[in-house]
Amino acid sequence: AVRKIHQDCAQAIEELVTIRPLRDEQEGSMVQVPKGYDPAEIKVVGKVKGEPPFTGILVHRGWKAQKRSLPKKTGEQAPEVVCPAEIEIKS
C-alpha cells in the first residue's frame, strides 16, 4: 500500500515540477567556472582567489526546475534554480 502512495506522490510532484540536474558533469569531476558566471546557478567554495575563470571539483550538480506549474515566486533567485551547483576550488 505504501509503494502505491509513494508512486502517486511522485507522479503528482512530477506533474507540478520537473526537477533535473543543473550541471551535466558527474560529481567529483573537474569543471570550469567561466568569467561572468551566474552565482544563482553556481556556488563557488574553497580557496577562491582572484577573478574567474576558476577550475574546481564539482561537489554537487545542483537542481533546476525544467517545468513548473506552480504560482510565480517573487525574489532575486532565478525561479528555475532549486539548488545551485557547488564547485570547490582547491588551489
Side-chain angles (χ1 to χ4, degrees):
V2 173
R3 286 185 183 170
K4 176 68 171 138
I5 292 170
H6 286 175
Q7 288 172 348
D8 291 346
C9 289
Q11 182 180 359
I13 290 171
E14 187 74 18
E15 288 174 10
L16 295 173
V17 180
T18 303
I19 304 292
R20 298 292 180 257
L22 193 59
R23 303 283 301 212
D24 293 329
E25 302 91 347
Q26 293 297 315
E27 291 177 355
S29 63
M30 295 295 286
V31 295
Q32 292 285 329
V33 179
K35 183 176 182 178
Y37 73 95
D38 184 355
E41 291 185 7
I42 299 175
K43 177 182 178 183
V44 181
V45 298
K47 297 179 180 179
V48 183
K49 296 177 186 173
E51 297 293 320
F54 302 118
T55 300
I57 298 170
L58 183 62
V59 177
H60 185 274
R61 294 169 67 187
W63 297 107
K64 66 180 174 182
Q66 278 194 309
K67 178 188 86 169
R68 294 183 319 135
S69 300
L70 299 171
K72 290 190 176 194
K73 178 182 171 185
T74 60
E76 294 182 20
Q77 185 173 348
E80 65 276 357
V81 176
V82 177
C83 178
E86 184 173 322
I87 300 172
E88 181 178 4
I89 309 301
K90 294 285 189 175
S91 57

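Numbers for residues simply follow the sequence, beginning at 1.
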- Item | Contacts of type salt bridge (Lys or Arg N to Asp or Glu O under 4.0 Å), residue Asp8, not counting sequence neighbours |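 Counting only residues at least two positions away or on another chain, Asp8 forms a salt bridge (Lys or Arg N to Asp or Glu O under 4.0 Å) with Lys4.
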- Task: Please identify each residue that fulfils salt bridge (Lys or Arg N to Asp or Glu O under 4.0 Å) with Glu14, with sequence neighbours left out.
- Result: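 Salt bridge (Lys or Arg N to Asp or Glu O under 4.0 Å) list for Glu14, sorted by chain: Arg20.
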Value rounded to 0.5 Å, distance of [atom1] in [X] from [atom2] in [Y]:
| X | Y | atom1 | atom2 | answer |
| --- | --- | --- | --- | --- |
| Arg23 | Lys64 | CZ | NZ | 10.5 Å |
| Lys90 | Ile57 | NZ | CD1 | 4.5 Å |
| Arg61 | Glu25 | CZ | CD | 8.5 Å |

Residues clustered with [X], ILVMFWY side-chain links under 4.5 angstrom:
| X | result |
| --- | --- |
| Phe54 | Val31, Val33, Tyr37, Ile42, Val44, Val48, Leu58, Ile87, Ile89 |
| Ile13 | none |
| Val59 | none |

- Of all pairs that satisfy side chain to side chain donor-acceptor pair (under 3.5 Å), the ones with a partner from residues 43-54, not counting sequence neighbours: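 Those involving residues 43-54 do not exist here.
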- Closest non-hydrogen atom pair, His60 against Gly62: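 What the structure gives for the nearest pair is ND1-N, 2.7 Å.
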- Task: Determine the minimum heavy-atom distance between Pro34 and Pro52, stating which atoms define it.
- Result: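 Here Pro34 and Pro52 meet closest at O-CB, 3.7 Å.
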